[in-house]
Amino acid sequence: MPEEGMEDSKVGEERPKWNNKTEYLLTCIGFAVGVGNVWRFPYLCQIYGGGAFLIPYLIALVFQGLPLLYLELAIGQRLRMGSIGVWNSISPYLGGVGVASMVVSFCVSLFYNTIVAWVLWYLFNSFQEPLPWSQCPLNHNNTGMKQSTPVNYFWYRQTLNITPNMETSGSLQWWMVVSLATAWSIVYICFIRGIETIGKAVYITATFPYLVLTIFLVRALTLPGAYEGLIYLFTPDWEILKNPQVWLDAATQIFFSLSVAFGGLISFSSYNSQKNNCERDAVLVGVINSATSIYASIPIFAILGFKAHTNYVTCLNGNILALTNEFDISDMNITVENYEQWFDSLNGTHPSRVSDLNLKTCDLQTFLDQSASGTGLAFIVFTEAVISMPGSQVWAVLFFIMLFSLGLSSMFGNLEGILTPLHDLKLVPKWMPNELFTAIICLLSFLMALIFCLGSGNYWLEIFNSHVGSVPLLIIAFFEIIAVAHIYGIGRFSDDLEFMTGHRPNIFWKVCWLVISPLMLFVVLVAYVVAQAQTHHTYAAWNPDYVRATTVNAAFSNLSSGTPPPPPQSLGVSKLDKTQSKKKKKNTIIFYIVE
Amino acid sequence: MLVRILVLLYLAGAPALAQTLCQPNASNGYRVRISIKTALGNQAYEWNENEMFLFRATMAFAMRRCYKTETYNVDNIIVCNQTLRVSFWFVVTSPENSTMLIPKADVEKAVSMSRHRINNAFLLTDRTLEFLGIHPTLAEPVNPDTPPWLIVFGVVIGAVFAGIIALLVSSLLQKRRKEKGMMEDGQDEEDMQVKGVENGNVLDGIYNRGFTDDDRFTKL
C-alpha cells in the first residue's frame with residue numbers, strides 16, 4: 001500500500017526539491033523537446049500531406065499524449081519515488097515495469113549521447129574557414145574528387161569512417177571517442193549535484209533552442225526558395241488521411257516525442273511538493289512540445305526550400321553551360337529565365353546534338369521531394385544548405401549548438417530515469433556520495449557506448465534506435481496506464497489528484513485513462529509489431545567502393561533469407577516520392593526514438 | 001627583282017601558312033573558352049582585338065617563364081577560329097623556326113605553371129578561363145599543424161573539467177563545514193547537559209546525547 005511513501009522516502013534525508021517551479025517546468029519541457037522535434041516531425045509533415053498531418057497529430061496528442069503525461073507526472077508527484085519505487089508501491093507484481101523503464105532509459109542514453117557526441121564533433125569543426133564539409137580532400141593528382149559529394153564524404157568517411165557492413169567492426173575512431181568523452185563530461189557536470197545543477201543548466205539548454213530557431217526563422221524567410229519550401233510543407237493533402245499508416249505514425253510520433261515511459265518524468269515530478277497542480281503542468285508540457293515541433297518545422301522547411309532552389313538553379317546552370325559550350329552562344333545569353341525558349345529553339349533546329357548532350361531534367365518539385373530525417377537531415381542536407389548561405393560558419397555553429405542543447409536537455413531526463421530508481425532501490429552504498437555514484441554511472445555508460453565509436457558504430461546505433469526505444473516503450477506505457485487505471489484504481493487516483501490539485505479530474509481524463517488511451521496504445525503496439533514482422537530486416541550500408549549505398553540483409557533476420565540484394569539506393573537523402581511513400585515506409589523504420 | 005618577288009610572296013604567304021598551322025582540333029593546339037560575363041557580371045569588359053593581343057602576349061610570357069632559354073614573342077602565338085562564345089584555338093610556334101609547332105605537352109606545362117598569372121591578367125578564374133584538356137590543379141588546402149577542432153575541443157573540455165573540480169571541491173568543503181558545525185553544536189549541547197545535571201535541573205525535552213553513540217564527537 002502506498003500510504004507510507006507519502007512523506008520522505010529516505011530515512012533521515014530529505015528528498016531533493018526543485019528550487020522553483022520554473023526549473024521543474026523547463027526541465028520537463030527540455031526532456032520532451034528533443035532533436036526529434038527538429039528532425040523527425042518536419043519530415044513526417046512533409047511525407048504525410050503537409051498541413052493535413054496536423055489533424056491525426058493533434059488528435060493523438062489530446063487522446064493519448066496528454067493523458068499519459070498527466071498520469072506520469074501525477075503518480076510521481078503523489079508517491080514521491082522514481083519509476084521502480086512507484087510501480088512497486090502500486091503492486092509488487094508491477095515492479096518489472098519500473099525495471100524495464102530503467103533499462104530502456106539506460107540503453108537509450110547510451111546511443112542518444114552518441115548522437116550528441118556527433119553534434120559536438122560537427123560543432124567543433126564549424127569553427128573553421130572554409131567549412132571542412134564544403135570541399136573534398138584532393139587526390140594525388142590535385143584535381144579533386146569526382147564521385148560523391150563533400151558533405152557525404154565528411155559524414156561517412158571523416159566523421160564515422162564507416163565500414164562496409166556490420167560484420168566488419170573496424171577500429172575505434174579516436175576523434176569520436178574524444179567527442180563522446182566530452183559529451184559525457186558535460187552531462188556529468190550538469191548532474192553533479194542532482195536537480196540543483198540540472199535546474200540551473202536548463203535555464204540555458206531549454207530556452208536557447210527557441211532563440212536559435214527564431215534567428216533561423218528570420219534568416220530563412222529571406223532566402224530565395226524559402227517560400228516554395230513552406231508552401232510545399234503546409235499544403236494539405238486531405239486524401240492522405242484515408243491511409244491508416246498516417247494515423248499510426250502520428251500516434252507513434254506523439255508517444256515518443258513526449259518521452260513518456262522512460263521514468264524520467266516520474267522522477268522529476270517526484271521532487272515536487274505534493275500540492276502542485278500537475279494537471280496544468282502536463283497540459284503545458286504537452287502543448288509546448290507540439291508547438292515547438294510545428295514552430296521548428298517552419299525554418300527547417302524554409303531552409304530545405306532554399307536548398308531545393310539552389311540545387312535547381314545549379315542543375316539549370318549546368319544545362320545552360322552545356323548548351324552554351326556546344327553551340328558557341330555568347331556567354332550569359334541563356335539565363336535561368338529564358339532557358340525554356342532557348343532549349344525549345346535549339347531542340348527544334350538541332351535535336352540530335354541537343355540529345356547527345358544528355359541534359360538533366362531540372363524540376364524544382366523533384367528537389368523539394370527529396371526528404372530526409374534524422375541524422376541525414378542534420379549532417380548531410382542541412383550542412384549542405386549552410387554552405388550556400390553567406391556567413392556559413394555562424395549558421396553552422398548556431399545550428400549545432402541548438403542541436404546540442406536539445407540533446408543535452410533530453411539526456412537529463414534519460415539519466416534521471418536511471419539514477420533515481422537506483423537510489424530508490426537503495427542500491428547505493430551509504431558511504432558513497434551522490435557525486436561519485438553519478439560519476440560511476442556516467443563512466444560505465446561511456447565505456448559501453450564506445451561500441452558506437454567503432455567503424456561499424458552507426459549500424460549498431462540504428463539498431464538500438466529502431467528497436468530499443470520503440471516496442472519496449474509501448475509495452476511499458478500500456479502497463480503503466482492499466483496499472484494506474486485498473487489496479488491502483490481510478491477512484492483512488494482521483495482522490496489523490498483532488499488532494500494534489502484541489503479538484504477531481506473531469507470526465508475527459510477518466511474516459512481517456514480507462515478506455516481510450518489503453519486502446520490506442522494497444523492498437524499502435526499491435527500494428528507496430530505486425531509491421532516489423534512483415535518486413536525483411538535490412539539496413540542501409542555504405543559501400544566505399546561505389547558511389548551509392550546498397551541495402552544489406554541483416555544477419556539476424558529470422559525471416560526468409562536468400563533474397564537477391566535490392567537495387568542500390570542512395571543513402572542519407574532518401575528520395576521519397578509521395579506515391580511511393582507507403583511502400584518505402586515499410587523498409588525504413590528508422591529514428592523513431594529520436595523525437 | 002626575284003628577291004623582291006620572293007619576299008612579297010613570303011609576306012603574303014606567311015599569314016596563310018600561319019593559318020594552316022592553327023586549325024580547330026589541331027594536334028598541337030589547345031582550345032580556350034572564356035566566360036567574362038559569368039565571372040564579372042556587371043563589370044564585364046568586351047572581348048576585342050586588344051584583349052586577344054593581351055592573351056597572345058600572356059601566352060608568350062608563360063612560354064618564356066617556363067622555358068627560360070628561348071625568347072618567345074607575340075608572333076609565336078597563333079590564334080584562330082574565334083567564336084562568339086568567346087572561344088578560340090591557339091598554337092605556339094617555335095621562335096627559331098616559325099613553321100614548327102611546340103608540342104602539346106610543353107604548352108600544357110607552361111600554362112599550368114603560370115595559370116594563376118594568366119587568370120589574373122584577365123580578372124578570371126580557372127573555371128571562367130578554360131584551357132580544354134588542361135585540368136586546373138586545385139590549390140593545396142591550408143593544413144594547420146593543430147586541427148582547429150582540437151583547439152575548440154581543448155577549450156571546452158578544459159572548462160568542463162575545471163567546473164567539475166570546482167563543484168566537487170565546493171561540495172566537499174560544504175560537507176566539512178556542515179559536519180564541523182554539527183560537531184560544535186553537539187559539544188555545546190553536551191556542555192549544557194553537563195551544566196544542567198550539575199545544577200540539579202533536568203532539562204525536559206532535550207535529547208540526551210549521553211546515550212547516543214557519540215564516539216565520533218569525543219574521539220581524542
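Just so we're on the same page: letters track the sequence lines, and every chain starts at 1.
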Task: Contact origin within B:Ile151 toward chain A - heavy atom pairs under 4.5 Å - done: neither

Open item on the list: At a 4.5 Å cut-off on heavy atoms, which part of B:Thr128 comes close to chain A: side chain, backbone, both, or neither?
Closed with: neither

- [ ] State the CZ-CG distance between A:Phe124 and B:Leu150, to the nearest 0.5 angstrom.
- [x] 9.5 Å

Task: Greater than 12 external heavy atoms within 6.0 Å of B:Tyr45's OH - done: yes

- [ ] Output the distance between atom CG (A:Asp331) and atom CZ (B:Arg85), rounded to the nearest 0.5 Å.
- [x] 5.0 Å

Open item on the list: For a quick test of reading the model, state the closest non-hydrogen atom pair linking A:Ser185 to B:Ile157 and the distance between them.
Closed with: OG-CD1, 4.0 Å

Task: A:Ile192 side chain near B:Ile164 side chain, heavy-atom distance below 4.5 Å - done: yes

- [ ] Count the heavy atoms of every other residue, nucleotide or ligand shown that sit under 6.0 Å from CD1 of A:Ile204, and state whether that count exceeds 12.
- [x] no

Task: Enclosure of A:Gln341 CD (heavy-atom neighbours >12, cutoff 6.0 Å) - done: yes

Task: Side chain, backbone, both or neither of B:Thr38 within contact of chain A (heavy atoms, under 4.5 Å) - done: both

Open item on the list: So, taking the atom named OG1 in A:Thr324 and the one named CG in B:Leu84, what distance separates them when rounded to the nearest 0.5 Å?
Closed with: 12.0 Å

TODO: Please flag which part of A:Leu321 lies under 4.5 Å from any non-hydrogen atom of chain B: side chain, backbone, both or neither.
DONE: side chain

Open item on the list: Please check if the number of heavy atoms outside A:Lys17 that lie under 6.0 Å from its NZ is greater than 12.
Closed with: no

TODO: Can you measure from CZ (B:Phe161) to OG1 (A:Thr182) and round to the nearest 0.5 angstrom?
DONE: 8.0 Å

Task: Region of A:Tyr188 that comes under 4.5 Å of a non-hydrogen atom in chain B - done: side chain

TODO: With a 4.5 Å cut-off on heavy-atom pairs, point out which of B:Ser171, B:Ser87, B:Ala159 contacts chain A the most.
DONE: B:Ser171

Open item on the list: What I'd like to find out is whether the side chain of B:Val156 reaches to under 4.5 Å of the side chain of A:Ile186, using heavy atoms alone.
Closed with: yes

TODO: Determine the interplanar angle of the A:Trp121 and B:Trp149 rings, folded into 0 to 90°, and report it as parallel if under 30°, tilted if 30 to 60°, perpendicular if over 60°.
DONE: perpendicular

Open item on the list: Looking at A:Arg353, I want to see if its CZ is surrounded by more than 12 non-hydrogen atoms of other residues, nucleotides or ligands under 6.0 Å.
Closed with: yes

TODO: Check the surroundings of atom NZ in B:Lys109: do more than 12 heavy atoms from other residues, nucleotides or ligands lie under 6.0 Å from it?
DONE: no

Task: Heavy-atom pair count under 4.5 Å with chain B, highest-scoring of A:Asn333, A:Ile329, A:Leu120 - done: A:Ile329

